[in-house]
Amino acid sequence: MDLTLLYRGPLASCDYDCPYCPFAKRRDSRDQLRADRAALDRFTAWVHEQRDDRISVLFTPWGEGLVRSWYRRALVELSRAPGVGRVAIQTNLSCRTEWLGEADRDTVALWCTYHPGQTPYQRFLGKTRDLAAAGIRFSVGVVGLPGHLEHARRLRADLPEHIYLWINAAEDHSYTDAEAADWTAVDPLFPFSRDPHHSLGRACRTGASVLSVDGDGTVHRCHFVKEPLGNLYDGSYREALRPRPCPRTLCDCHIGYVHLETLPLYDVFAGGVLERIPAPGIRHEPVALPLPKFPIASGT
Ligand code: SF4
Ligand code: SF4
């Protein structure tokens, strides 16, 4: 079967300090880093051993993974592993990029976020150009805060045309129609992100073909539903795999709602669901797609 794993180990440190960071960052001690490395190695070895499934992996660390050698190595190794369809990571792209030359370019991908104020613009842009020149699959995004709009416009203008620039609605931030129109002009798919999606009772692929895995191997259906389904390493997760409706009222994070069966996002991002790269023909649409709208005030 096709199995998608969202891996989030204990790593929580980051080389940036974004004021809007959604995570409780910390400085990882040497022991914590050692534990994170061991957990990642165990996960990587498990993926290598799988024979019956085609596995795709998205690393979604609390902090920044690619400044750690073990995440870079995991990306390279898993990209070359038979049976791995895609391996991607969310990153601020502060790391060097030449190590990606060892990875299988058909399999490896990056989900990059530009954080204005944390890195010089030209440095970030230069890295995206290096990735594009090396033929690495990646998307780039910006958090849709008012002060980021000009940065996002500039980045859209400077990025290679074929690179998708996504905009994430800022947490706890609502957008007037005029503001949303500004962001949609940068990212035609912004309407999917603008408001949280009503998800309670709706069919979601998580728990059946998509799973969240932590450093101990504890499996949840997604990062947002706390009830565990079992453990990866003792195989107990396996018998829990089945379609089940979402138990939460709202799903407001792309790495969650992209898996909702009631949204068309597996078609929109066909071939690039994990790294958030739209299917050819969709990313250059100049106006908003007609979207199913789920106003927060409505029922499920
Ligand atoms: S780069 Fe990401 S993890 Fe790091 S501080 Fe910024 S938002 Fe938080
Ligand atoms: S809709 Fe979101 S919160 Fe609900 S199960 Fe799916 S990923 Fe989890």
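The chain is numbered in sequence order, starting from 1.
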Of all heavy-atom pairs between Pro245 and Arg221, which one has the smallest distance, and what is that distance?
O-NH1, 2.9 Å
Residues Asp36, Arg8; criterion salt bridge (Lys or Arg N to Asp or Glu O under 4.0 Å); working and verdict:
CA-CA 10 Å; Asp36 183 72; Arg8 180 175 281 167; over 6 Å; no
Glu64 and Ser13: side chain donor to acceptor below 3.5 Å
no
Hey, does Phe269 have a side-chain heavy atom less than 4.5 Å from the side chain of Leu189?
yes
Taking the side chain as every heavy atom from C-beta outward, state whether Val84 and Val47 have any atom pair closer than 4.5 Å.
yes
Aromatic rings Tyr114 and Tyr121: how do their planes relate, parallel, tilted or perpendicular, breaks at 30° and 60°?
perpendicular
Please check if the side chain of Ser139 supplies one atom and the backbone of Ile277 the other of a donor-acceptor pair under 3.5 Å.
no
If only atom types and distance count, is the side chain of Arg205 paired as donor or acceptor with the main-chain N or O of His259 below 3.5 Å?
yes
Can any side-chain N or O of Ser209 pair as donor or acceptor with the backbone N or O of Asp2 at less than 3.5 Å?
no
Side chains of Thr113 and Val142 in contact at under 4.5 Å (non-hydrogen atoms)
no
Rounded to the nearest 0.5 Å, what separation is found between the CD atom of Glu171 and the OH atom of Tyr20?
12.5 Å
Any idea how Tyr233 and Trp46 line up, ring-wise: parallel (<30°), tilted (30 to 60°), or perpendicular (>60°)?
perpendicular
Whether the side chain of Asn231 engages the backbone of Asp216 through a donor-acceptor N/O pair (distance < 3.5 Å, no angle test) should be reported.
yes
Apply salt bridge (Lys or Arg N to Asp or Glu O under 4.0 Å) to Arg34 and Asp28, showing your working.
CA-CA 10 Å; Arg34 205 173 291 128; Asp28 286 315; over 6 Å; no
Under a 3.5 Å distance rule, please check whether Arg244 uses its side chain to pair with a backbone N or O of Gly207 as donor and acceptor.
yes
Does the pair Asp182 and Arg153 meet the rule for a salt bridge (Lys or Arg N to Asp or Glu O under 4.0 Å), with working shown?
CA-CA 9 Å; Asp182 282 343; Arg153 285 176 170 151; 3.7 Å; yes
Do Leu6 and Thr206 have side chains that approach each other closer than 4.5 Å (heavy atoms only, starting at C-beta)?
no
Do Thr60 and His223 meet the criterion of a side-chain donor-acceptor pair at a distance under 3.5 Å?
yes
Residues, nucleotides or ligands: over 12 heavy atoms within 6.0 Å of Arg105 CZ
yes
Arg137/Asp106 salt bridge by N-O under 4.0 Å criterion:
no
For the residue pair Ser94 and Val67, establish whether any side-chain heavy-atom pair is separated by less than 4.5 Å.
yes
Got Cys95 and Lys127 here, is their nearest side-chain heavy-atom distance under 4.5 Å?
no
Path from Ile255 to Tyr257 over hydrophobic side-chain contacts below 4.5 Å
yes
Mutual orientation of the aromatic rings belonging to Trp111 and Trp166 [parallel < 30°, tilted 30-60°, perpendicular > 60°]
tilted
